[in-house]
2 protein chains.
Amino acid sequence: METDRDAVEPRDGRRARGARTRDAALAAAVQLASVEGLEGLSIAHLASRLGTAKSSVHAAFGSKEALQVAVVARTRDILIELVIAPALTFPGGVARLTALGEGWMSYLEAKTFEGGCVLSSASLEMDGRPGAARDAVAGVMREWLDLLTSNVERAVAAGEIRAEIDPAQLAFELNAVGMAANWQSQLFGEAFSYQTGRAGWRGLLESNKASS
Amino acid sequence: METDRDAVEPRDGRRARGARTRDAALAAAVQLASVEGLEGLSIAHLASRLGTAKSSVHAAFGSKEALQVAVVARTRDILIELVIAPALTFPGGVARLTALGEGWMSYLEAKTFEGGCVLSSASLEMDGRPGAARDAVAGVMREWLDLLTSNVERAVAAGEIRAEIDPAQLAFELNAVGMAANWQSQLFGEAFSYQTGRAGWRGLLESNKASS
DNA sequence: ATTAAATATGGACGATCGTCCGTATATAAT
DNA sequence: ATTATATACGGACGATCGTCCATATTTAAT
């Protein structure tokens with residue numbers, strides 16, 4: 001998910017400087033977006049947090065929309081690193097699905113993002129606003145749901161999950177539980193325990209277990 | 001959920017006029033908020049849609065925050081009317097829970113709100129912004145979850161649902177499925193079928209059925 | 001009819017926003 | 001050293017926002 005600009009001439013110190021700037025800016029932008037939302041994220045606010053001119057931030061990304069897209073891409077990278085990659089060490093199917101659920105909950109519990117999962121809030125925030133940012137969010141979410149679905153399919157093929165179920169349906173339900181955990185923890189704070197999310201994820205896998 | 005102003009002297013035609021104005025403004029505000037979000041809802045935009053001066057809208061509600069709170073209260077009223085009240089005609093327990101799920105999905109399917117359930121998006125949007133609006137959202141959501149929980153408890157008491165389950169846990173899962181349905185329908189449009197939400201809700205009740 | 005009160009209006013205010021432009025600075029190429 | 005290029009900067013622009021104020025209008029009370 002690198003921009004063309006980065007890829008053209010990686011050895012150019014000028015572009016490297018720009019890339020470092022964008023990189024640092026993105027790290028702050030992701031945190032800001034997790035709190036303020038993808039739309040609430042403002043170039044002005046981000047610049048002031050970075051201590052740079054706001055025109056610099058604008059120049060680094062080109063437009064607010066491009067910044068939003070970059071934030072989504074970065075969030076995707078972080079999610080892959082913290083949740084998906086660790087789960088890939090487990091065999092596909094129920095084991096990997098379990099690892100994905102556990103990884104997701106741990107990632108939320110660790111408060112990687114101050115304001116909760118950016119993608120969750122963004123997907124509800126952007127739903128009424130056509131544009132590149134919305135498409136980026138929808139794309140990542142589609143990827144995520146497909147990942148869940150394909151692992152349910154493998155679990156069915158391996159005889160771990162009942163063959164009668166619709167893989168996309170179970171993937172939908174697993175995702176629903178995870179998003180709800182993110183949501184309730186943000187809204188109710190300490191009053192919510194991630195064990196509820198873990199139990200929900202586990203329960204879905206259990207109750208759809210193949211009756212061997 | 002009426003303001004003090006309305007309650008003081010209901011026969012006062014001046015206040016009645018104001019109440020009518022607020023009422024009409026709220027109807028438009030709720031639609032706008034469902035698309036733009038609770039924070040994206042602006043007094044200026046609302047006024048232009050109503051064809052009135054923006055200072056009039058401001059005067060009617062007092063502040064943007066008060067407008068947001070009023071929108072939440074109105075959304076709650078609509079939800080009670082369209083989803084909860086019909087379900088109350090069914091006996092408490094699984095029957096009522098089933099009716100709540102069906103009512104919720106139908107209400108989403110009917111696109112009562114252009115941009116999807118205001119409360120769902122608002123609860124994720126407001127989570128990082130302390131204030132009256134956030135508290136209002138959290139309060140309504142708490143009510144909703146409590147309603148689900150208490151019906152699960154009744155279902156357990158009636159022997160319809162396994163006694164080992166945690167009522168709050170199942171309520172969490174049911175709510176997760178409903179919110180996810182709202183969310184996916186907004187993000188993926190026609191590609192999402194509310195049957196997925198219905199099946200999820202039904203599946204949760206089925207798989208937690210008491211083994212009589 | 002007059003006075004009082006509640007609501008509606010238009011105009012103005014400062015704040016914040018995204019964007020653009022001329023220019024300064026840092027790095028590369030020659 | 002000089003020229004070319006990519007990035008960073010400060011300043012300005014118009015647009016939009018929430019809020020306030022003086023005033024007009026509608027309804028109630030006397």
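Below, chains carry the letters A, B, ... as their sequence lines are ordered, and counting in each starts from 1.
Looking only at atom types and distance, the side chain of B:Ser123 has a donor-acceptor partner in the side chain of A:Trp183 under 3.5 Å away. Judged by distance alone, the side chains of A:Glu153 and A:Thr149 never bring a donor and an acceptor atom under 3.5 Å apart. For the 3.5 Å distance criterion, the side chains of A:Glu102 and A:Ser106 qualify, holding a donor opposite an acceptor.
When rounded to the nearest whole Å, the span between NZ of B:Lys64 and P of D:dT19 equals 8 Å. Summarising the geometry, the separation between CD on B:Glu39 and P on D:dG18 is reported as 9 Å, rounded to the nearest angstrom. Counting to the nearest Å, the P atom of C:dA5 and the CG atom of B:Asp12 are 12 Å from each other. One can place CG of A:Leu46 at 11 Å from P of C:dC17, the figure rounded to the nearest angstrom. If you take CD of A:Gln68 and C1' of C:dG18, they are 11 Å apart, rounded to a whole angstrom. Separating the CZ atom of B:Arg22 from the C1' atom of C:dT7 is a distance of 9 Å, rounded to the nearest angstrom. For the pair A:Leu67 CG and C:dT19 P, the interatomic distance rounds to 10 Å; values are reported in whole Å. The nearest whole Å value for the distance from the CG atom in B:Leu50 to the P atom in C:dT9 is 10 Å.
The phosphate of C:dG18 has neither OP1 nor OP2 within less than 4.0 Å of any side-chain N or O from A:His58. For C:dC17, the OP1/OP2 oxygens have a side-chain nitrogen or oxygen of A:Ser42 closer than 4.0 Å. An OP1 or OP2 oxygen of C:dA8 is reached within less than 4.0 angstrom by a side-chain nitrogen or oxygen of B:Thr21.
Of the two residues contacting DNA chain D, namely B:Arg17 and A:Ser56, the nearest-nucleotide position lying further toward the 5' end is that of A:Ser56. The nearest heavy atom of DNA chain D to B:Arg20 and to B:Leu41 marks one nucleotide each, and the one closer to the 5' end goes with B:Leu41.
Considering only the side chain of A:Arg15, D:dT7 comes nearest among D:dT7, C:dC17, D:dC9.
Judged by distance alone with a 3.5 Å cut-off, a donor-acceptor contact links the side chain of B:Arg14 to the base of C:dA5.
B:Glu65 is linked by a salt bridge (Lys or Arg N to Asp or Glu O under 4.0 Å) to nothing, counting only residues two or more places apart in sequence or in another chain.
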Residues 43-54 of chain A, side-chain donor-acceptor partners within the protein, below 3.5 Å, at least two apart:
residue, atom, partner, partner atom, Å
A:Ser48, OG, A:His45, O, 3.2

